[in-house]
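One structure is given below, encoded as structure tokens.
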Amino acid sequence: MKKVLLPLIIIVAIVALVLIKIFVIDKDKKAAQGPPGKQPPAPVTVTVVKNAMVSNTIIITGDIIANEEVELRPETSGKIVQINFIEGSNVRKGQLLVKINDADLQATLRKLKAQLKLADEKKGRLESLLKINGISQEDYDMALNTSQSLQSDIDFTQAEIDKTEIYAPFDGVIGLKNVSQGSYATPATIVAVIQQLNPLKIDFSVPERYASQVKNNSDIVFTTGTYGENFRAKIYAIEPKIDPATRSLKVRALYNNNGTKVFPGAFAQVTLSLTEDVASFLIPTEALTPTVRGQKAYVIKGGKVKTVQLETGMRNDSTIQIINGLAQGDTLVVTGIMALRDDMDVVIKGIRK
């Protein structure tokens, strides 16, 4: 008998628990949730839209390069017989820096000049005879041709001698030498590098969307890793096309490097002002949601959420400029936007300043 009653007692207990859940616990939950189909208000954080002064500037990276830079290489092969510069020193335009052995060319030049002297003397005598019909025109023309050919050979030899000399192409500072006197150099040998350090050029690229706002003679401010101070330069050249690979516009500015504080090859952080400061709205970037038509956000009106389409402008790490779509005093939803939809009830859990 006991064996029959025990399973019955267990079954009755289970049924009782199920009935309690259905009629008591679930009923209490439904009562707490309100009428069927009614969603509880979504918790959100908001901010009040206010006017702010927006400086339309962009910060981009750039490179500092010498105004002029040349790798000094010989035009001909040979042994270096003179090095007429001190490493790291200033040199003047036209200064002889390197001389390569040209003894064979100098000997050839002397020989050709002696032959030319004799050829000119002969040509002079034949010219006198031609005037009195003492010789034919053909004899005189042959002497004239010989003289002209020798002059051409002299010019060619002199040009070859000029190739054995390296002169400074501009005023600048010459770097470390890579050769020594007595070494053999070829046109592939870099003897040294000469750079013009004043002024300097700053190269940087502006995103395509700002290309129309970049103008010649505009000022830029840049900093380097060497000094903590700001340096000012002026834009003087703009590439006439957008780079299709980077979708950016290459710009070059000129910096008056008096005192030689800045060196070529350094990294530059460039601040470029595109327009004057203007009154606008700045909102947190997290309040935006991308759409196929651009950007949207949510504002609260009458306790309910409304979607607004926005036209945006300048952006930084935390805020973005709103050109159109918001009004002064609008209550803008900042957090909790993923679960929102139009006409939804919300409860404000915090206000961001």
Side chain to side chain contact (heavy atoms under 4.5 Å, CB included) between Y140 and L129: does it pass, once the steps are laid out? CA-CA 9 Å; Y140 174 76; L129 292 173; over 6 Å; no
Any chance CD of Q137 has more than 12 other-residue heavy atoms, nucleotides or ligands included, within less than 6.0 Å? yes
Option passing side chain to side chain contact (heavy atoms under 4.5 Å, CB included) with T224 (candidates I202, N230, V262): V262
Does the pair N198 and N258 meet the rule for a side-chain hydrogen bond (donor to acceptor under 3.5 Å, both in side chains), with working shown? CA-CA 7 Å; N198 187 20; N258 290 331; 3.1 Å; yes
Q328 side-chain N/O to N51 backbone N/O, donor-acceptor pair under 3.5 Å: yes
Assess whether side-chain hydrogen bond (donor to acceptor under 3.5 Å, both in side chains) is satisfied between S147 and D120, documenting all intermediate values. CA-CA 6 Å; S147 178; D120 285 343; 2.5 Å; yes
Counting only heavy atoms not in F156, do more than 12 sit closer than 6.0 Å to its CZ atom? no
In terms of hydrophobic clustering (I, L, V, M, F, W, Y; side-chain heavy atoms under 4.5 Å; direct or indirect links), are L97 and I161 co-clustered? no
Taking everything shown except K122 itself, do over 12 heavy atoms lie less than 6.0 Å from its NZ? no
Are V299 and L340 linked, directly or through other ILVMFWY residues, by side chains that come within less than 4.5 angstrom of each other? no
Is a side-chain N or O of R73 found less than 3.5 angstrom from the main chain of A188, in a donor-acceptor match? yes
Does K250, at its NZ atom, have more than 12 non-hydrogen atoms belonging to other residues, nucleotides or ligands within less than 6.0 Å? no
With no hydrogens and no angle check, is any side-chain donor or acceptor of Q295 less than 3.5 Å from a backbone partner on L310? no
Report the residue from K304, K306, K301 that forms a side chain to side chain donor-acceptor pair (under 3.5 Å) with D343. K306
Could you walk me through whether K93 and E68 pass the salt bridge (Lys or Arg N to Asp or Glu O under 4.0 Å) test, one step at a time? CA-CA 12 Å; K93 180 179 180 179; E68 302 289 350; over 6 Å; no
For V81, is there any backbone N or O sitting under 3.5 Å from a side-chain donor or acceptor partner on Q181? yes
Testing the basics here: between I100 and P74, what is the closest heavy-atom pair and its distance to 0.1 Å? CD1-CB, 3.3 Å
Inspect the surroundings of CD1 in I351 and state if more than 12 heavy atoms from other residues, nucleotides or ligands are less than 6.0 Å away. no
Is the backbone N or O of I190 less than 3.5 Å from a side-chain atom of N178, with the two atoms forming a donor-acceptor pair by type? yes
If we count only N and O atoms by modelled type, under 3.5 Å, do the side chains of S136 and D139 hold a donor and an acceptor together? yes
F222-Y255 aromatic ring centre distance below 6.0 Å: yes
Between Q196 (side chain only) and D171 (backbone N and O only), is there a donor and an acceptor less than 3.5 Å apart? yes
Given 3.5 Å as the limit, does a donor-acceptor pair link the side chain of T164 with the main chain of E160, or not? no
In one Ile/Leu/Val/Met/Phe/Trp/Tyr side-chain cluster, 4.5 Å: L249, L272: yes
